[in-house]
Every structure is written in structure tokens, then in C-alpha cells.
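One is the number of the first residue; the rest follow in order along the sequence.
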Amino acid sequence: MKIYRLSEIEEKDVFLRCDTGVDVSGPVREMIAQVREKGDSALYALTERFDGACLETLAVAEQEIDDAMRAVEPEFLEILREAAGNIRRYHEKQKRESFVMTEREGVVLGQKILPLERVGIYVPGGTAAYPSSVLMNAVPAQIAGVKEIIMVTPPGRDGTVNPAILAAARIAGVTRIFKLGGAQAVAALAYGTQSVPRVDKIVGPGNAYVAEAKKQVFGQVNIDMVAGPSEVLVLADQNSNPAHVAADLLSQAEHDTMASAVLVTDSAELAQKVSEEVERQLETLERREIARASVEANGKIILVDDMHEAIAVSNRIAPEHLELCMDDPFAWLGLVQNAGSVFLGRYNPEPMGDYFSGPNHTLPTMGTARFYSPLSVDDFIKKMQFSYYTREALKQDWKKVSRFARKEGLTAHARAVEIRFEEEGQA
């Protein structure tokens, strides 16, 4: 892993911020058009083309889920249930309450919190299966009160779905599951087909085609965010264990070749030892080819003068995952302004958040933590305002509203309040 002084690199080179350099907008637009025009028949054809699966039906039957529950080892089912419980307890704290204001006589103002009716969850397949993504997306939706949680996930060539994904879906309360992946799955959720119901919002990560499809259907439906390659930024001081830090970096590098793993430290000795450890540990990984490609393309170690400078670098980068492997991490947490999820201390590696501890793992990437937040219960609700005025209350304010409207040149707005007092000769 290459080591740089901060002055030797530009900020834009710390993380790979943009796309893969391949424009998939055209093929995605074509697939969306096919699904809109032909519905299920397009889904069957595209699934056979891209997933190699010739399906008889798109929907996952209850019997398939029952079989999956029996196929998954009991110990892992218990881990799934415990993880779901941790995620549920954390996200229960995020629930919002409606409110009513009656501070002025004759005036009632308020906000009503309503769950979305139906949401779609995209769960990736391909090089790895992620039951954790099922839990992270479905549990907050269920807490919000969403009536229908529709999940799509790519099938294998034999037309089946990974049993762990199906088991997680049942544990998390998913309503219906379809064997669909890629841009065609996003299109089906956005516009609906003969089999797949149209949803109000689509959440969950995917490949470049899925991300582009979510961009293109935004406005037709809502989306959570457009996720890029996974990122981890580790801030580590001289007392950190180099083997631990290297393992944390590689835990993100193994996601895909575009993932970014960066260490920022004020210790040249730690930097060198971590670099050596990364090389040693790479050879032990099952996904070492993916991890090595990620490290060589996007991994790096940055030397800074002190940890205050390290925090400043982190705030400019706004990483998806931020680890504070340093003495008294809570003392530094207050200085962190931009990060998706922060992992404090030397014994809280990022995978704890991926799977088990409770906070969500669907996070803003590519610097968007400057203005985006992790997936939460808020993503599955909408807010409706309401207000009420009696005649007596309006009488106190109508002239101010009329003046305001006429200042903006909107005389019909002004007339709407004035006309209510014409009979008294006041307008």
C-alpha cells in the first residue's frame, strides 16, 4: 500500500469520487423503456439475458421461503434474529411524532407523520449475497409503518435466490419478493408491471446499472440515494495495532475493485507497518484478487503532522465509513463534521456496523455525507401539514396577508383573503 505525505496528493485523489468511467445511461434507458412497454415479458427476457435464469414466475413463493428457513443453519438464523433485534432497537429511537400547535386562539397548526404505502428494496446479488442489506433496509421501513415492503434480488442461473437472503426477508418482515436484478428491477418497481406492483420509493445499493436506473426513475418514485463504491477512512494514532488497521482497510477493499480504503495517520512507523500488513493479509483472503485491485487502484496511506490535521482531512473527504482508532475517541468525535457512520475506538471495526451493532449500513458515499444522512426511519415516512383558522383569527391577519400578496404582484392571492370581509366594508 503506497504511503504519501498529505502535501504530495490532491484532495480529489484521496477517494475515487465519480463513476467508473463507463457511461451506462443509454443501455439503462433502453431497459427501462422495454419494461415500461412490455412489462413482465421484458423482465423475463432481461433476466434470462443478464442472469442466465429462465424463470417460470417472477415471484418467490412462500414455500421457497419455508425451504430457505430450513436450509439455513440454525446458528446463523439466530444471528440474523439478534442482528435484526439490534437494528430494530436502534431505529425505534428515530420514530417521529405528529404534533399540533394551539398557541393562538382560533388557530390550529400541525404536522402529521404518515408512513409510505409501499416501498421497494433492492438487494444485490452477483459476486456476493447480502442478507445484511435486507435487514438494514426492511427493518426501518417496518418500524415506520410501511404497509407493503417489496423486495427484488437477482436469481442465480438455476432460478433460485440465496436462502440466507430469503431467511433475512422473513425475519425483517418483507411482504413480497421478486427474482429480479439490475436496471430492469428498478424499472419494474418504479412503473409497475403485471406482476410487480409500483412502489413509492426505492432503496438499497446496487451496481452501476442499478445506480443509473435509480437516477433515471427519480421523480417517478423517490429514492434513498445514488450509492457509489464503498469507502473506509481510518484515522489511527501511533498506539494502534497495525494488523488490526490493515484488516479494517481490507474489509472494505474486498467489496469490489472500485472500493476505497485509506489510512490517515501521524505515525510514519505505523504507516510502514500497516503497508506491510496489508500485503501479508491480502494473500490470505478468498477475494484477494478483488481486494488487491481495489488497494492498487484506490488504496493509500496518508501521513499528516498531527491528528487535528487528520480530522480536517476527514471532514474534507466526508467518508462513508470513518474509524477513529485513537486514544479517547469520544474527545475527537465532536470535531467530526462529515461522515456517514463513525466507528469509535480500537475494538469497533467497521464490519460491526455492516452486520450487527444496530446503526444502518446504507450510507452516503462519494463525499455526499456533507449533505446526505444514513438510511433511517425518516426515509420511509412523509410529513403532511395542516392548519385551521376561525373567522376571528383570520380577521387579525388578513390585511397583512393581502399586503404581502400584493407586494408579490399576486392580486388573486390578496383577493382570496379580502373577499371574506367585503360584507363588512373592511376590504
Problem set entry | Contact check, side chains of L180 and L58, non-hydrogen atoms, under 4.5 Å |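 When only atoms from C-beta onward are counted, L58 and L180 do touch, with a gap below 4.5 Å.
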Problem set entry | Heavy-atom side-chain contact between V60 and F178 under 4.5 Å |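 They are not in contact (no side-chain heavy atoms under 4.5 Å apart), so the answer is no.
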For this session: For the pair T153 (side chain) and V123 (backbone), establish whether a donor and an acceptor sit closer than 3.5 Å, ignoring hydrogens and angles.
Result: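 Flag set: sc T153 to bb V123 pair under 3.5 Å.
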Exercise. Does N298 offer a backbone N or O that forms a donor-acceptor pair with the side chain of S260 under 3.5 Å?
Worked result: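 No, because the side chain of S260 does not come within donor-acceptor range (under 3.5 Å) of the backbone of N298.
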Exercise. Using 4.0 Å as the upper bound for N to carboxylate O, is an ion pair formed by R287 and D256?
Worked result: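 Answer for the salt bridge query: no.
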For this session: May I ask you to decide whether R5 forms a salt bridge with E8, counting only side-chain N to carboxylate O separations under 4.0 Å?
Result: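 E8 and R5: not salt-bridged.
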For [X] and [Y], which I'm curious about, is there any donor-acceptor pair between the side chains at under 3.5 Å?
X: S230; Y: Q252; answer: yes
X: N222; Y: D200; answer: no
X: R406; Y: T411; answer: no

Just wondering, more than 12 heavy atoms not from [X] lying within 6.0 Å of its [atom1]?
X: Y209; atom1: OH; result: no
X: R81; atom1: CZ; result: yes
X: F99; atom1: CZ; result: yes
X: Y355; atom1: OH; result: no

Problem set entry | Test side-chain hydrogen bond (donor to acceptor under 3.5 Å, both in side chains) applied to R88 and Q142, step by step | CA-CA 9 Å; R88 186 175 303 280; Q142 192 182 52; 2.7 Å; yes
For this session: Provide the full list of salt bridge (charged side-chain N to carboxylate O under 4.0 Å, His left out) pairs with a residue in residues 171-191, sequence neighbours left out, each pair given once.
Result: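 Passing the test, one end in residues 171-191: E64-K179.
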Problem set entry | By side chain to side chain contact (heavy atoms under 4.5 Å, CB included) - contacts of A416 (at least two apart) |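 Side chain to side chain contact (heavy atoms under 4.5 Å, CB included) check on A416 returns nothing, list empty.
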Exercise. Closest heavy-atom contact between D354 and S132?
Worked result: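 It is O-CB, 3.5 Å.
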Problem set entry | Ring geometry between F343 and H321 (parallel below 30°, tilted from 30 to 60°, perpendicular above 60°) |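 Geometry flag for F343 against H321: tilted rings.
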For this session: Mind checking side chain to side chain donor-acceptor pair (under 3.5 Å) for Q63 and listing every partner two or more places apart, or none if nothing turns up?
Result: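 Side chain to side chain donor-acceptor pair (under 3.5 Å) check on Q63 returns D67.
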